[in-house]
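Since this is a predicted model, take the numbers as computed values, not measurements.
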Amino acid sequence: MKSFLFTSIFSLFAILFVQAQNCDLLISEDKVIDDIHILRTEPQTLVVRGSYSYSITIRNERKGILATMTSKAGVEFNQDDEIIFMDANRVRKSYRFIGSSESDRSGEIPVFSNVLQLDMAAVKWLSGTSINTIYLKNNIDNQMRKFTVNANRQTEFKQMASCFIQKLDPNMVNDTEINA
C-alpha cells in the first residue's frame with residue numbers, strides 16, 4: 001500500500017513538473033512593468049494547408065489581453081473582420097480584429113497579421129475547451145472560410161492558452177470585457 005501511494009504521489013509530481021516545463025517553452029516573455037504583467041506566448045500554429053498557414057500568439061499588455069493572428073500565404077485580416085472559434089461541443093465565439101492589417105514578406109510568401117481583442121473569459125474558455133474549427137469572416141466581402149484544426153494542434157493550442165492563464169496575474173490585467 002505504501003509503495004502504491006509513493007508511486008502515485010511521484011507520478012503526480014512528475015506530471016506537474018513536465019507541465020511546468022512545457023509552459024516555460026510556450027511563454028516567450030514574462031515580466032512585470034509597473035502594475036502590468038507583460039506576458040506573451042510563443043506563436044502557435046492552428047492550421048496548415050498546402051502552401052498557407054495560420055498561427056496565433058496571445059499576450060497581455062497595457063491595452064489588455066490581445067491575440068495576434070498571422071497568415072502566411074493565406075487571407076488578409078481587415079479591421080472588423082472576425083475569427084470564430086468553434087469547440088468540440090459546437091459552441092462558437094467570435095472575436096473582431098481591432099487594427100489595420102499589417103503585411104510583410106517571408107521571401108516570396110506574403111505574411112499578414114492583425115490583432116484580436118480578448119479578455120480573461122475568452123482565454124479561460126480557450127484553455128478549457130478543444131477548438132476543432134476556426135472560421136475567418138471577411139466583413140468587407142461578406143465571405144467566410146472554414147478551417148478544421150487537427151487533433152494535435154487542438155491540444156497544443158489548449159495547452160498554450162492554459163499556460164497563459166496559469167502564469168497570468170489577474171490583478172495585473174486591464175481586462176476589457178467583450179461580448180463573444
Side-chain angles (χ1 to χ4, degrees), residues 26-29 36-106 108-150 153-154 156-158 160-165 168 170 172-180:
L26 297 174
I27 302 295
S28 66
E29 186 176 18
I36 299 295
H37 187 181
I38 306 297
L39 187 65
R40 178 186 313 266
T41 66
E42 290 289 340
Q44 174 60 55
T45 301
L46 295 174
V47 174
V48 175
R49 300 286 185 280
S51 62
Y52 63 87
S53 66
Y54 296 96
S55 61
I56 189 168
T57 302
I58 302 173
R59 68 183 186 273
N60 184 59
E61 59 180 42
R62 291 223 176 273
K63 295 177 183 175
I65 300 174
L66 305 170
T68 300
M69 284 292 299
T70 302
S71 161
K72 289 185 180 176
V75 299
E76 183 174 0
F77 308 121
N78 304 301
Q79 185 169 354
D80 292 327
D81 283 356
E82 299 170 62
I83 184 164
I84 303 165
F85 294 105
M86 186 171 74
D87 71 9
N89 297 317
R90 304 188 59 78
V91 174
R92 294 179 186 209
K93 297 202 178 191
S94 174
Y95 304 96
R96 287 190 182 268
F97 290 102
I98 61 172
S100 298
S101 181
E102 295 183 16
S103 62
D104 200 357
R105 290 193 102 44
S106 176
E108 294 297 315
I109 301 169
V111 178
F112 302 105
S113 63
N114 204 335
V115 176
L116 300 163
Q117 181 73 56
L118 300 179
D119 60 7
M120 291 287 287
V123 181
K124 285 180 183 176
W125 179 69
L126 292 170
S127 71
T129 192
S130 292
I131 301 300
N132 60 11
T133 307
I134 61 170
Y135 296 89
L136 299 175
K137 184 177 179 189
N138 181 319
N139 287 322
I140 294 173
D141 299 335
N142 202 25
Q143 293 181 346
M144 189 156 22
R145 290 182 168 82
K146 176 182 177 183
F147 300 98
T148 302
V149 181
N150 76 32
R153 297 195 192 282
Q154 289 177 39
E156 292 165 355
F157 182 45
K158 185 176 179 179
M160 179 190 73
S162 294
C163 288
F164 182 85
I165 217 64
L168 186 62
M172 299 182 128
V173 175
N174 285 333
D175 200 20
T176 305
E177 189 175 326
I178 54 175
N179 295 323

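Between the side chain of N89 and the backbone N or O of V91 there is no donor-acceptor pair closer than 3.5 Å. Checking side-chain atoms of R59 against main-chain N and O of L66 turns up no donor-acceptor pair under 3.5 Å. A distance-only check finds a donor-acceptor pair linking the side chain of R105 to the backbone of E108 [under 3.5 Å]. For the pair N132 (side chain) and V149 (backbone), a donor-acceptor distance under 3.5 Å is absent.
Under the 3.5 Å distance criterion, with hydrogens and angles disregarded, a donor-acceptor pair is assigned to the side chains of E82 and N139. Side-chain atoms of Y135 and R92 include a donor-acceptor pair closer than 3.5 Å.
The side-chain heavy atoms of I178 and Y95, taken from C-beta on, include a pair separated by under 4.5 Å. At least one side-chain heavy atom of I65 sits under 4.5 Å from a side-chain heavy atom of L168. By the 4.5 Å heavy-atom criterion applied to side chains, N78 and N138 are counted as neighbours. Between I134 and I84 there is no side-chain heavy-atom pair separated by less than 4.5 Å. The shortest side-chain heavy-atom distance between S103 and E76 does not fall under the 4.5 Å cut-off. Using a 4.5 Å heavy-atom cutoff, the side chains of V75 and Y54 are in contact.
The distance from the CE atom of M69 to the OG1 atom of T57 is 9.5 Å, given to the nearest 0.5 Å. To the nearest 0.5 Å, the span separating CG on N114 from OG on S71 amounts to 11.0 Å. Within the model, atoms NZ of K137 and CG of D81 stand 9.5 Å from one another, a figure rounded to the nearest 0.5 Å. One finds the OG atom of S162 at 10.0 Å from the CG atom of L26 (value rounded to the nearest 0.5 Å). Note that CE of M86 and OG of S94 are 13.5 Å apart. Values are rounded to the nearest 0.5 Å. Rounded to the nearest 0.5 Å, atoms CZ (F164) and CG (L118) are 8.5 Å apart.
The shortest heavy-atom contact between R96 and D80 is NH1-O, 2.7 Å. Residues S100 and Q79 share a closest heavy-atom pair of OG-OE1, 4.0 Å. Counting all heavy atoms, side chain and backbone alike, S113 lies closest to T70 at CB-OG1, 3.9 Å. The shortest heavy-atom contact between N174 and R62 is ND2-O, 2.7 Å.
Residue pairs meeting the side-chain hydrogen bond (donor to acceptor under 3.5 Å, both in side chains) criterion with at least one partner in residues 116-130, sequence neighbours excluded, are D87-T129.
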Chi angles and distances behind the side chain to side chain contact (heavy atoms under 4.5 Å, CB included) call for T133, R90: CA-CA 9 Å; T133 307; R90 304 188 59 78; over 6 Å; no
Full working for side chain to side chain contact (heavy atoms under 4.5 Å, CB included) between I56 and T68: CA-CA 6 Å; I56 189 168; T68 300; over 6 Å; no
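A ring-centre distance under 6.0 Å is not found for F112 and F77.
Around the CZ atom of R49, the shell of radius 6.0 Å holds more than 12 heavy atoms that belong to other residues, nucleotides or ligands. Remark: N142 CG is loosely packed, at most 12 non-hydrogen atoms of other residues, nucleotides or ligands lying under 6.0 Å away.
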Side-chain donor/acceptor pairs under 3.5 Å, residues 38-47, sequence neighbours excluded:
from : atom 1 : to   : atom 2 : distance (Å)
R40  : NE     : E29  : OE1    : 3.3
T41  : OG1    : I58  : N      : 2.9
T41  : OG1    : I58  : O      : 3.4
Q44  : NE2    : E156 : OE1    : 3.0

